[in-house]
Student: 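Before I ask anything, here is the structure I am working with.
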Amino acid sequence: MSGFVSLLDLHKSFGSFKALSGVTLHIRRSEVICLIGASGSGKTTLLRCINQLVTPDQGLVIVDSELAGFRRDGNKLHPLRESEIARQRLATGMVFQRFNLFPHLTALGNVIEGPTQVQGVPREAALAEARRLLERVGLGDKADAYPAALSGGQQQRVAIARALAMHPKLMLFDEPTSALDPELVGEVLAVMKELASSGMTMIVVTHELGFAREVADRVVFMDGGSIVEVGPTAQVLGAPREPRTRAFLSAVIS
């Protein structure tokens, strides 16, 4: 089986800690995958390998038929230059736990920074697209606000708009609501639901099981750097086959 995104036998260690241990996963175009599991189970490292923020010790990442980080010459793989990796990385948008907005730029300025500085989009075209995206995430009236004047939920929605401005093929979310006050979580999840319904391929690390039930096509449970169970959302969350999955869900739900 192959997919729009294919992760093949990924291994990654940090010193003596094995963050990933033989992860293989295939994701279809327009599919929404939610990764669940305890802290330290490898979920974030997996996302960072896909976005080439971390280089696997072993294994391959393929996004839309393009090998990430390497070019193949016969049976040999040669690492890409940093400029080539940067080009590949543009295909993937990533939203982190922390918003990582530029504090000296307005919401609008944050959204146009990538298209104008990295992709060379003319400023007027970038501004028009940024205003459209801010409207899409419900922040059309906050275009001129600086991050310090925005709530956490608003900052995270600006971060989503900023990622979308690069026209990615794939969106990665690393616990995008974990740093938010509970009353602000819903506004970010609503934007993500709309994005999922539009057909965007999404991989989401989340502890929001209600969101996963509503949006995910499949759920992946990770433990100890490995995939323990993967399947349709209703099956994994409602009738998990693996004892470790059942134990995790029992602890989280209780």
Student: Compare every heavy atom of Val205 with every heavy atom of Leu47, then report the nearest pair and how far apart it is.
Tutor: CD1-CG2, 3.6 Å
Student: Passes side chain to side chain contact (heavy atoms under 4.5 Å, CB included), Phe99 versus Leu180? Steps please.
Tutor: CA-CA 10 Å; Phe99 323 122; Leu180 300 179; 3.7 Å; yes
Student: How close do Asn110 and Pro147 get, counting heavy atoms only, and between which atoms?
Tutor: ND2-CG, 4.1 Å
Student: Using the rule that two of Ile, Leu, Val, Met, Phe, Trp, Tyr join whenever any of their side-chain heavy atoms come within less than 4.5 Å, decide whether Met200 and Val137 are in one cluster.
Tutor: yes
Student: Nearest 0.5 Å, please: how far is CD1 in Ile62 from CD1 in Ile27?
Tutor: 12.0 Å
Student: Does any N or O in the side chain of Arg246 come within less than 3.5 Å of the main-chain N or O of Arg241, such that one atom is a donor and the other an acceptor?
Tutor: yes
Student: Check each of Val95, Val204, Thr201 against Met171 using the side-chain contact (heavy atoms from CB on, under 4.5 Å) test, and report the only one that passes.
Tutor: Val95
Student: Do Glu229 side-chain atoms and Thr245 backbone N/O form a donor-acceptor pair below 3.5 Å?
Tutor: no
Student: Quick one: closest heavy-atom pair of Ile112 and Ala126, and the distance?
Tutor: CG2-O, 3.6 Å
Student: Does Arg213 have more than 12 heavy atoms from other residues, nucleotides or ligands lying within 6.0 Å of its CZ?
Tutor: yes
Student: Are the side chain of Thr92 and the backbone N or O of Arg89 linked by a donor-acceptor pair below 3.5 Å?
Tutor: no
Student: Applying side chain to side chain contact (heavy atoms under 4.5 Å, CB included) to Ser226 and Arg244, what does each step give before you reach the verdict?
Tutor: CA-CA 12 Å; Ser226 300; Arg244 277 192 286 174; 6.0 Å; no
Student: Looking at Val54, is its backbone amide N or carbonyl O close enough to the side chain of Arg48 to form a donor-acceptor pair, meaning the two atoms are under 3.5 Å apart?
Tutor: no
Student: Indicate the atoms forming the closest heavy-atom contact of Ala161 with Leu133, along with that distance.
Tutor: O-CD1, 3.6 Å
Student: Nearest 0.5 Å, what's the NZ-NZ distance between Lys12 and Lys18?
Tutor: 10.0 Å
Student: Would you call Arg72 and Leu77 a side-chain contact if the rule is heavy atoms closer than 4.5 Å?
Tutor: yes
Student: How far apart are the closest heavy atoms of Gln155 and Leu150, and which atoms are they?
Tutor: NE2-O, 3.3 Å
Student: Using side-chain heavy atoms (C-beta onward) and a distance below 4.5 Å, is Ile36 in contact with Leu249?
Tutor: yes
Student: Before you tell me yes or no, could you show the steps for Leu195 and Phe173 under side chain to side chain contact (heavy atoms under 4.5 Å, CB included), namely the whole-Å CA-CA distance, both residues' side-chain angles and the distance that decides it to 0.1 Å?
Tutor: CA-CA 12 Å; Leu195 192 57; Phe173 294 87; 3.8 Å; yes
Student: Could you give me the CA-CA distance, side-chain angles and deciding distance for Val121 and Glu129, then say whether side chain to side chain contact (heavy atoms under 4.5 Å, CB included) is met?
Tutor: CA-CA 10 Å; Val121 176; Glu129 174 74 349; over 6 Å; no
Student: Sub-3.5 Å donor-acceptor pair from the side chain of Gln119 to the main-chain atoms of Gly114, do we have one?
Tutor: no
Student: Less than 4.5 Å apart, any side-chain heavy atom of Leu53 and any of Met94?
Tutor: yes
Student: Look at the side-chain heavy atoms of Ile, Leu, Val, Met, Phe, Trp and Tyr, link any pair under 4.5 Å apart, and say whether Phe221 and Val252 land in one connected group.
Tutor: yes
Student: State which residue, out of Asp9, Leu46, Leu7, fulfils the side-chain contact (heavy atoms from CB on, under 4.5 Å) condition with Leu20.
Tutor: Leu46
Student: Could you tell me whether Glu31 and Arg218 have a side-chain N and a carboxylate O separated by less than 4.0 Å?
Tutor: yes
Student: Would you say Val188 and Glu208 make side-chain contact, with heavy atoms under 4.5 Å?
Tutor: no
Student: State plainly whether the residues Arg87 and Glu66 are in salt-bridge range, i.e. N to O under 4.0 Å.
Tutor: yes
Student: Are any of the side-chain heavy atoms of Val185 and Phe211 separated by less than 4.5 Å?
Tutor: no
Student: For residues Leu237 and Ala212, report the shortest heavy-atom separation together with the two atoms involved.
Tutor: CD1-CB, 4.2 Å
Student: What I'd like to find out is whether the side chain of Met192 reaches to under 4.5 Å of the side chain of Ile160, using heavy atoms alone.
Tutor: yes
Student: To the nearest 0.5 Å, tell me how far Ile85 CD1 sits from Phe70 CZ.
Tutor: 8.0 Å
Student: For the atom pair CD1 (Ile203) and CG (Asp174), what is the distance rounded to the nearest 0.5 Å?
Tutor: 11.5 Å
Student: Keeping Gln156 on the side-chain end and Phe96 on the backbone end, is there a donor-acceptor pair under 3.5 Å?
Tutor: yes
Student: If hydrophobic clusters are built by linking Ile, Leu, Val, Met, Phe, Trp and Tyr wherever their side-chain heavy atoms come under 4.5 Å apart, do Leu127 and Leu164 end up in the same one?
Tutor: yes
Student: To the nearest 0.5 angstrom, please state how far the CG atom of Leu170 sits from the CG atom of Asp64.
Tutor: 10.0 Å
Student: When you measure from the side chain of Lys43 to the backbone of Met222, do you find a donor-acceptor pair of N or O atoms at a distance under 3.5 Å?
Tutor: no
Student: With a 3.5 Å distance limit and no angle check, can you tell me whether Thr106 reaches the backbone of Asp144 through a side-chain donor-acceptor pair?
Tutor: no
Student: Got a second to check how far Thr177's OG1 is from Glu187's CD, nearest 0.5 Å?
Tutor: 11.0 Å
Student: Decide whether Met202 and Phe4 are clustered together by the hydrophobic rule: side chain heavy atoms of Ile, Leu, Val, Met, Phe, Trp, Tyr closer than 4.5 Å, transitively.
Tutor: no
Student: Quick one: does Asp217's side chain have a donor or acceptor within less than 3.5 Å of a partner on Val32's backbone?
Tutor: yes
Student: Group every Ile, Leu, Val, Met, Phe, Trp and Tyr by side-chain heavy-atom contacts under 4.5 Å, then state whether Val111 and Met166 land in the same group.
Tutor: no
Student: Do Arg81 and Ser83 have side-chain heavy atoms sitting under 4.5 Å apart?
Tutor: yes
Student: Ignoring hydrogens and geometry, is there a side-chain-to-backbone donor-acceptor pair from Thr233 to Ala216 under 3.5 Å?
Tutor: yes
